[in-house]
S.K.: 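Please read through the structure below; I'll follow up with questions.
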Amino acid sequence: MDTVAMRQLNRSSLLSAAVYLATVAAAVLCFLWIRHQGAALVAPAPGGPGLAAGGPSAAAGAARGAGVAAGGPAAVGGSSAAASRGAGDALQHVLLALAVILVAARLAGLVFRRLGQPRVVGEVLAGILLGPSLLGRISPPALAFLLPPAVAPYLGIISQVGIILFMFLVGVELDPGLMRNRTQATVAISHASITVPFVLGALLALPLYPRLSTRDVPFTAFALFLGVSMSITAFPVLARILKDRGIQRTRLGVIALTCAAVDDVTAWCLLALVVSVIRSRSGSAVVTVLLTAAYIGLLLVVVRPLLARLVRRVDHRGMTQGVTTIAFVALLLSALITEAIGIHAIFGAFVLGVIVPHESRIARQLRAQLEGVVVVLLLPAFFAFTGLRTQVGLLRGVSGWLLCGLIVLVASLGKFGGSAVAARATGLSWHDAASLGVLMNTRGLVELIVLNIGLDLHVLSPALFAMLVLMAIATTMATTPLLALLQRGPGWEPAAEPAGAGVAVSQASG
């Protein structure tokens, strides 16, 4: 019987590998065709007319972003004396801005929790409302006083530190058991929920590139990033929604968490690949990819066993100051290495978090120590920084809003449709398939991190950035009410939980 079971397992593994390779091959062929079609497209010149240009408001936003990229706080002043006075004034503005941001984020989060929505949706909207989209329109002097251009570089640095710590937490909370206990159904759903939205996002680049990009952005980079932005599922937000509704241990809840965990890892690896291609000059992308693969291999083969041995040795003592120092130094060095390689610093933080032993006492205490600072202080600062860069006013006229609606439609069709069809093909009922599709369409905070990277790389124009931010909010807000309707049917009964299928959910996700 054991031999028969082993043969069946091997056949199932081979079938899953064959399906995966076929799916990847099909996605690559589709993207090559899209790239060929897009080669003939011409985008407007930078600063020219059209949605991609953005106008004066966009210029102000670009100036803020340039302040961050050009060197942060050092870029604020001119002469040494002026820089000293400017830094002192900026500190006062930063402290005031952070106080207002924290209060606004907390109040908006509580309101949206009362409405049955994830708290993160209210916090994101609070950041947008404090920016040029609302406060800047109602009272430009108030925006100039509360969040002047000199504050943006400091707020940007605080935000970068916040998302690095947040992605480290996401990695620590990600249970490797969810991926080890995959079934053939979850493998198919996971692959479909990545490849289908990626292909549809790249296909959407054909009509969007001439309208929402500029000719200094290569079509290949534009299509790749748009595909990745459509492929994101926010594992932390999804886990929080399931936990809040008490369905994280039901049959569909476990399947959704497993698929989202696989999606999370796959999407960040895909993002790292795309960022390396965009950042690298001609011919150096291969070197960046090889260095990234070598670093991941070093972490998995060398660092992970050493880390597991160290944790076993000191786990009984918990998070002492020495252990805390080691953890933060390792986190900073890992983020620095991936940034130096040519991918983003958050990828190094995420991968390091993944290799931390998930169920150890140190991991639990590390989450508890970091969550308060990350959730209460750093993430609201990131939402406010995103709000400064989100200019809803750039969606001019009916055409702008129609394009935004098209983006929301394609994003939902790719995630919901790809996941639901794959789930149905593996034998699940249409009700269960639709439930998984709704859950996998959750984007939230993780999508905003990806979009800010695209804006920093100048792949996304301010207008397209605003549209994609609205898409992330709309798809996340749709999850809870749609799930409430579908939860009335079968599939939500408690499931026999496989070993390692538990999931830790931080406050950062909700």
S.K.: Between F198 and F31, how do the two ring planes meet: parallel, tilted or perpendicular, split at 30° and 60°?
M.R.: tilted
S.K.: Measuring from I232:CD1 to I449:CD1, what's the distance to the nearest 0.5 Å?
M.R.: 9.5 Å
S.K.: Hey, what do you get for CG (L470) to CG (L395), rounding to the nearest 0.5 Å?
M.R.: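 Rounded to the nearest 0.5 Å, the CG-CG separation comes to 6.5 Å.
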S.K.: Can you name the closest pair of heavy atoms from P46 and T214 and give their distance?
M.R.: CA-CG2, 3.9 Å
S.K.: Verify, without hydrogens or angle tests, whether Y209 (side chain) and V217 (backbone) share a donor-acceptor contact under 3.5 angstrom.
M.R.: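 Yes.
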S.K.: Could you give me the CA-CA distance, side-chain angles and deciding distance for L486 and H431, then say whether side-chain contact (heavy atoms from CB on, under 4.5 Å) is met?
M.R.: CA-CA 7 Å; L486 292 168; H431 171 270; 4.2 Å; yes
S.K.: Does any part of the side chain of Q117, heavy atoms only, come nearer than 4.5 Å to the side chain of R113, both counted from C-beta?
M.R.: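 R113 vs Q117: side chains apart.
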S.K.: Would you check if V410 and L406 make a side-chain contact, meaning some heavy-atom pair closer than 4.5 Å?
M.R.: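 Counting from C-beta outward, V410 and L406 do come under 4.5 Å.
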S.K.: Would you kindly say whether T479 and T442 are connected by a side-chain donor-acceptor distance under 3.5 Å?
M.R.: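 Short answer, yes.
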S.K.: Under a 3.5 Å distance rule, please check whether H344 uses its side chain to pair with a backbone N or O of V275 as donor and acceptor.
M.R.: no
S.K.: Say whether, by atom type as modelled, one donor and one acceptor occur between the side chain of S159 and the main chain of A381 under 3.5 angstrom.
M.R.: yes
S.K.: Taking R211 for its side chain and P207 for its backbone only, find out whether a donor-acceptor pair lies under 3.5 Å.
M.R.: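 Yes, R211 side chain to P207 backbone: donor-acceptor pair under 3.5 Å.
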S.K.: To the nearest 0.5 angstrom, please state how far the CD1 atom of I278 sits from the CD1 atom of I343.
M.R.: 13.0 Å
S.K.: Counting C-beta onward and ignoring hydrogens, is there a side-chain heavy-atom pair between L379 and F166 closer than 4.5 Å?
M.R.: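 Touching, per the 4.5 Å side-chain cut-off.
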S.K.: Just checking, any donor-acceptor pair under 3.5 angstrom between side chains of R443 and T476?
M.R.: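 There is no such pair between these side chains.
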S.K.: My understanding is that only one of L200, L413, I407 makes a side chain to side chain contact (heavy atoms under 4.5 Å, CB included) with M230; could you say which?
M.R.: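 Looking at L200, L413, I407, the match for M230 under the side chain to side chain contact (heavy atoms under 4.5 Å, CB included) is I407.
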S.K.: Can a donor-acceptor pair be found between the side chains of T475 and N441 at a distance below 3.5 Å?
M.R.: no
S.K.: Measure the spacing between OG1 of T426 and CG of L436 and express it to the nearest 0.5 Å.
M.R.: 8.5 Å
S.K.: Does W268 form a side-chain contact (heavy atoms from CB on, under 4.5 Å) with V446? I'd like the steps, not just the answer.
M.R.: CA-CA 10 Å; W268 287 113; V446 179; 3.3 Å; yes
S.K.: Find the distance between CZ (F168) and CD1 (I346) and round it off to the nearest 0.5 Å.
M.R.: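 Spacing of CZ (F168) from CD1 (I346) equals 14.5 Å.
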S.K.: Could you give me the CA-CA distance, side-chain angles and deciding distance for R106 and L102, then say whether side-chain contact (heavy atoms from CB on, under 4.5 Å) is met?
M.R.: CA-CA 6 Å; R106 184 65 179 174; L102 297 188; over 6 Å; no
S.K.: Flag the pair L428 / R424 as yes when at least one side-chain heavy-atom distance between them is below 4.5 Å, and no otherwise.
M.R.: no
S.K.: Judged by atom type as modelled, is there a donor-acceptor pair below 3.5 Å linking the side chain of T390 to the main-chain atoms of I128?
M.R.: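 Such a contact is absent between T390 side chain and I128 backbone.
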S.K.: Under a 4.5 Å cut-off applied to non-hydrogen side-chain atoms, are L203 and W33 in contact?
M.R.: yes
S.K.: How long is the straight-line distance from CD1 of I453 back to OG of S229, given to the nearest 0.5 Å?
M.R.: 11.5 Å
S.K.: Is it true that atom CZ of R35 has more than 12 heavy atoms of other residues, nucleotides or ligands lying nearer than 6.0 Å?
M.R.: no
S.K.: Under a 3.5 Å distance rule, please check whether S133 uses its side chain to pair with a backbone N or O of V392 as donor and acceptor.
M.R.: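 Looks like yes, one N/O pair under 3.5 Å.
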S.K.: Is there a side-chain contact (heavy atoms from CB on, under 4.5 Å) between L165 and L331? Walk through the geometry before answering.
M.R.: CA-CA 8 Å; L165 292 176; L331 166 62; 3.4 Å; yes
S.K.: Find out whether F383 and L445 are in side-chain contact, i.e. whether some heavy atom of one side chain is under 4.5 Å from a heavy atom of the other.
M.R.: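 Sidechains of L445 and F383: in contact.
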S.K.: Using a 3.5 Å distance criterion without hydrogens, assess whether the side chain of S419 forms a donor-acceptor pair with backbone atoms of G437.
M.R.: no
S.K.: Can any side-chain N or O of S213 pair as donor or acceptor with the backbone N or O of V459 at less than 3.5 Å?
M.R.: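 Side chain of S213 to backbone of V459, a donor-acceptor pair under 3.5 Å: no, none is there.
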S.K.: Okay, side chain of K415, backbone of P197: is any donor-acceptor separation there less than 3.5 Å?
M.R.: no
